[in-house]
Amino acid sequence: MATPLSDPSLSLSASPLKTVAVVGLGTMGTGIAEILAKAGREVVGIDISEAAAAQATAALESSTARAVQRGRLTEQERDDSLARFVTSTDLRAAADADLVIEVAPESYDIKHQIFRELDGIVRPETILATGTNALSVTRLAADSARPERVLGLHFFNPAPAMKLVEVVSSVLTAPAAVAAVTDLALELGKEPVAVGDRPGFVADGLLFGYLNQAAAMYEAKYASREDIDAAMKLGCGLPMGPLALLDLIGVDTARTVLEAMYAESHDRLHAPSPILKQLSEAGLTGRKSGRGFYTYDAPGSATVVRDALTPPEGASLVPGRTVRSVGVAGSGTMASGIAEVFAKAGYEVALAARSEEKAQAAKARIGKSLSRSVDKGRMTAEAAAETLGRITPAGSYDAFADVDLALEAVAEDLEIKQQLFATFDKVCKPGAILATTTSSLPVVACARATSRPQDVVGMHFFNPAPAMKLVEVVRTVLTADDVHATVREVCAKVRKHPVDCGDRAGFIVNALLFPYLNNAIKMVQEHYATLDDIDAAMRLGGGYPMGPFELLDVVGLDVSLAIEKVLHREFRDPGLAPAPLLEHLVAAGCLGRKTGRGFREYARR
């Protein structure tokens, strides 16, 4: 018997995959068929539903017509593409296919039946690919008559637009089969990444854990759905917030993927949040049903409409305090960035540091930043000069005696911050709001260092503060309503988007971002995928502006480890324990770009 490595029937370099059958003509199957037909393949679309087959043909006719209108196809190319696409309701239509791509519903029974029937239909050398993102490719292969020809070919929705394709090998898959479909993906203009067989593979394996945590955060009433989504879009540059994305994917689909992931990992982070079950069983599966986390104007629509959970429009019912002047404590990048933000908005700013020299250096940094804005045409030289003139550097916090808002941006060390808040308590006038920019420490611990904890609030800006629109507004159990209202008003005046959250580790963004980063590190640690493939998968498949390892090296591995430790200590979840590889790199002094080496090496400047 030939082994998978030596089987001559899988020497496919001389026999390109010219005819492809696509089994399952839903949105994904239709999209894959369109790509193949446009790329010159003969495509047989197969679905048990005549209506689905007809709809797929109509969809292809419509999409190719749009492509002609936009100048992306000629009329002749459109006619040729349509001629290469035929449909059938009989699986036997796949008999002459060189490759079959199955994209039936995520049910092992359904997929197993399809593969079993294909064994008796296709030629021995035909490659069988499953489009699953949740079920075991190995299990499907093991049940096949020729397991060496079975693999996973996971496209992303919408298939014509998304570049990523995950090529999934089981321990039974022949390398020649992998090579053949990888070459095909490249010819289709896709970027294939090679991954092993585990639920979710790379992109969904990282994405669905993050989505699950966002659902749990919402279920716990920690933050509103709007604030969770806005925080991740504005704080991480993501194209969609996690709850809106769950609605797009389908709440029921997400639950299925998570169940499969949890069955293998037994990681609590993958255990589907109860709200996913509740919504699924109520038929509230997202956009396709017209309601999920949000309400839509019709099933299948992307237009969100107001419902009982939509926040009221207009100003806060609680009147805020007057803020005319602001004190910013610190001399680093964050402090100078925040001072620049307030000065641009017209506030008088006292910028205080541990010495006059440090404060002057921070003001000089702001001057350079404003000069760059002038050079880029974003502001006039006169406006830049006026902005810089509103900033008064000081070597003592006594300069905060008359400010209405005192905000610290010093080292992320609780003892240092508590000492600073005790100083604020002494020098700031009664009624002044005292704020911390901490990203991971308890705001209430800073509040308790003062005699006026009701005046203390968190204002977590994101770096670089002049560019990033998000501010997490963190209320403690002691924060006064008018303090909260004032800070939201101030955020609007400095053109930032405030999101409300409670006083717990990580707030919204870091609590969702860093477990995702930690899970990516675990994938590399377990030799599941390479740094480059994981970064590519998340950029191309998840729409992330940076891959996880690019981001870790920018943030700093020491900073990342510190946040991971805080999250693990607060939530006591074993799944949040920092990956040992991260700890080892930090211990070795490999902290990312700032040291020239982290997960990757960088040229020293």
Side-chain angles (χ1 to χ4, degrees), residues 166 169 171 193-214 216 236 258 260-271 412-414 439-441 504-507 509-539 542 544 546-602:
E166 291 177 319
S169 303
V171 293
V193 298
V195 297
D197 182 24
R198 62 191 262 182
F201 313 127
V202 171
D204 286 351
L206 293 176
L207 178 65
F208 278 89
Y210 149 71
L211 296 177
N212 192 39
Q213 287 182 281
C236 296
L258 286 163
M261 290 173 65
Y262 180 72
E264 180 165 310
S265 70
H266 301 293
D267 186 335
R268 275 174 51 193
L269 298 178
H270 299 152
E412 194 73 345
D413 180 297
L414 184 57
S439 63
S440 58
L441 300 173
R504 73 180 200 188
F507 311 133
V509 173
N510 286 347
L512 295 178
L513 175 64
F514 280 89
Y516 148 77
L517 296 174
N518 199 42
N519 285 337
I521 299 169
K522 291 176 183 176
M523 279 188 174
V524 167
Q525 187 177 281
E526 295 162 5
H527 306 289
Y528 176 65
T530 67
L531 298 176
D532 291 342
D533 278 351
I534 293 172
D535 275 354
M538 297 317 295
R539 286 197 313 270
Y544 284 65
M546 300 176 78
F549 297 101
E550 292 174 284
L551 183 56
L552 282 159
D553 278 353
V554 168
V555 170
L557 273 56
D558 52 340
V559 174
S560 301
L561 178 59
I563 294 172
E564 291 285 0
K565 286 181 174 178
V566 168
L567 291 172
H568 185 223
R569 188 164 56 244
E570 173 126 332
F571 296 106
R572 311 292 177 90
D573 190 323
L576 295 176
L581 178 57
L582 179 62
E583 295 182 306
H584 294 163
L585 287 169
V586 171
C590 302
L591 308 182
R593 289 191 181 180
K594 59 189 174 187
T595 61
R597 184 177 174 188
F599 283 98
R600 294 185 175 90
E601 291 192 22
Y602 302 88

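Note that the structure is predicted; figures quoted are calculated from it, not measured. Numbers for residues simply follow the sequence, beginning at 1.
Between L552 and S560 the shortest heavy-atom distance is CD2-OG, 3.5 Å.
The salt bridge (Lys or Arg N to Asp or Glu O under 4.0 Å) pairs that include a residue from residues 194-203 are R198-E526, where partners are two or more places apart or lie in different chains. Evaluation of the side-chain hydrogen bond (donor to acceptor under 3.5 Å, both in side chains) test over residues 563-576, restricted to residues two or more places apart or in two chains, returns none.
Side-chain contact between N212 and L269 is absent, with no heavy atoms from C-beta onward closer than 4.5 Å. In this structure the side chain of Y544 never reaches within 4.5 angstrom of the side chain of D535, judged on heavy atoms. Contact check for V202 versus V193: no side-chain heavy atoms found under the 4.5 Å cut-off. Considering only heavy atoms from C-beta on, L576 stays 4.5 Å or farther from N518 through its side chain. L513 is not listed as a side-chain neighbour of I563, based on a closest heavy-atom distance of 4.5 Å or more. Using a 4.5 Å cut-off on side-chain heavy atoms (C-beta onward), D204 and M261 make no contact.
Ring-centre distance between Y262 and F208: not below the 6.0 Å cut-off.
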Review point. Between L551 and L517, does a side-chain contact (heavy atoms from CB on, under 4.5 Å) hold up when you go through it step by step?
Key: CA-CA 9 Å; L551 183 56; L517 296 174; 4.2 Å; yes

Review point. What's the verdict on side-chain contact (heavy atoms from CB on, under 4.5 Å) for F549 and I521, showing C-alpha distance, side-chain angles and the deciding distance?
Key: CA-CA 8 Å; F549 297 101; I521 299 169; 3.9 Å; yes

Practice item. Any chance you could lay out the salt bridge (charged side-chain N to carboxylate O under 4.0 Å, His left out) test for E550 and R600, step after step, and finish with the verdict? Key: CA-CA 8 Å; E550 292 174 284; R600 294 185 175 90; 5.8 Å; no

Exercise for review: Could you please spell out the steps behind the side-chain contact (heavy atoms from CB on, under 4.5 Å) verdict for L567 and F571?
Suggested key: CA-CA 6 Å; L567 291 172; F571 296 106; 3.9 Å; yes

Point to revise | Check against side-chain contact (heavy atoms from CB on, under 4.5 Å), N510 and V566 | key: CA-CA 11 Å; N510 286 347; V566 168; over 6 Å; no

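A donor-acceptor distance shorter than 3.5 angstrom exists from the side chain of E166 to the backbone of A203, with no hydrogens or angles considered. Side chain of Y516 to backbone of L207: no donor-acceptor contact under 3.5 angstrom is found.
Here F514 pairs with nothing under the ring-ring contact (aromatic ring centres under 6.0 Å, His included) rule; sequence neighbours left out.
D553 and Y602 form a side-chain donor-acceptor contact under 3.5 Å, judged by distance and modelled atom types alone.
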